[in-house]
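Below: one structure, written as structure tokens.
In this text the structure is predicted, and so the values were computed from the model without any measurement.
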Amino acid sequence: MLLKIKEFFCQKYDSFDKVSRSLIIACGAVFIFSFICWLPTVKGIRYSLRFQSVDSGKLCVESRVLPHEKWPGMVRLYVDELLLGPKMERSRPLFAPGTRETMCFVRDGILYVNLTQDALLRTGSASEIKAGADLFKKNILDTFGRIKAVRLYIDNKAAYEEL
């Protein structure tokens with residue numbers, strides 16, 4: 001089988017004139033060189049973030065590359081990206097603009113996150129507060145298998161404990 005493939009390519013290669021062969025080899029070398037140069041520029045890990053669509057209310061998925069961090073630093077980066085909101089125009093942020101985390105840590109498989117008081121504001125573009133909290137928890141639990149539960153606090157008060 002391999003011999004037949006080799007023979008096929010050798011026949012095709014021999015049918016080109018000297019200039020065409022040189023051009024093919026040069027293009028291949030440029031491609032390989034470009035690929036090798038491109039590899040180090042891809043730093044980080046690709047994560048998926050889900051936000052609610054403005055039009056239909058369905059979930060929209062965004063991919064973002066976050067810098068590689070050790071556990072649990074990567075969780076904090078992911079939480080910050082969730083709170084920044086979507087990049088797509090027709091998606092709703094989970095919470096009101098300006099919402100930040102003031103505390104974020106993992107202990108015994110439980111993520112504890114305290115959000116600023118801005119999360120309580122209801123702006124026209126943001127999701128409902130409960131829907132935003134549910135989607136926030138869903139994003140975290142689906143992305144990080146080591147996290148078994150999320151405890152969300154808003155302005156140092158527990159939010160939606162039944163989830």
Worked verdict on Asp118 versus Phe95 for side-chain contact (heavy atoms from CB on, under 4.5 Å): CA-CA 8 Å; Asp118 297 329; Phe95 300 103; over 6 Å; no

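Judged by distance alone, the side chain of Glu62 and the main-chain N or O of Met88 form a donor-acceptor pair under 3.5 Å.
The heavy-atom pair separating Arg50 from Asp142 by the smallest distance is NH2-OD2, 2.9 Å. Nearest heavy-atom pair, Gly85 versus Phe51, reported as atom, atom and distance to 0.1 Å: C-CZ, 3.6 Å. Pairing each heavy atom of Pro67 with each of Leu77, the nearest pair is O-CD1, 3.8 Å. Summarising the geometry of Ser48 relative to Thr143, their closest heavy-atom pair is O-OG1, 4.0 Å, with the distance given to 0.1 Å. Arg92 approaches Ser127 most closely through the heavy-atom pair CB-OG, 3.7 Å. The two residues Glu101 and Leu83 have their closest heavy-atom pair at N-CD1, 3.5 Å.
With rounding to the nearest 0.5 angstrom, the CZ atom of Arg151 is 5.0 Å from the CD1 atom of Ile110. Rounding to the nearest 0.5 Å gives a distance of 9.5 Å between CD1 of Ile140 and CG of Leu152. Residue Leu82 holds its CG atom at 5.0 Å from CG of Leu49, rounded to the nearest 0.5 Å. The distance from atom OG1 of Thr102 to atom CG of Asp155, rounded to the nearest 0.5 Å, is 8.0 Å. Interatomic distance, Cys60 SG to Gln52 CD, rounded to the nearest 0.5 Å: 9.0 Å. We find the CG-NZ distance between Asp108 and Lys148 to be 12.5 Å, quoted to the nearest 0.5 Å.
With sequence neighbours excluded, the residues forming a ring pair (Phe, Tyr, Trp, His ring centres under 6.0 Å) with Tyr78 are Tyr47, Phe144, listed by chain and number.
Side-chain heavy atoms closer than 4.5 Å link hydrophobic residues (I, L, V, M, F, W, Y) into clusters, and following such links, possibly through other members, connects Leu111 to Leu141.
Counting heavy atoms from C-beta on, the side chains of Arg146 and Val106 never come closer than 4.5 Å. Side-chain contact between Pro86 and Pro93: present, with at least one pair of heavy atoms (C-beta onward) separated by less than 4.5 Å. Thr99 places none of its side-chain heavy atoms less than 4.5 Å from the side chain of Leu94. No side-chain heavy atom of Glu69 sits less than 4.5 Å from a side-chain heavy atom of Arg76.
Screening Thr116, Asn114, Val79, Leu84 for a side-chain contact (heavy atoms from CB on, under 4.5 Å) involving Arg100 leaves a single residue, Thr116.
Evaluation of the ring pair (Phe, Tyr, Trp, His ring centres under 6.0 Å) test over residues 109-130, restricted to residues two or more places apart or in two chains, returns Phe105-Tyr112.
At most 12 heavy atoms of other shown residues, nucleotides or ligands fall within 6.0 angstrom of atom CD in Gln117.
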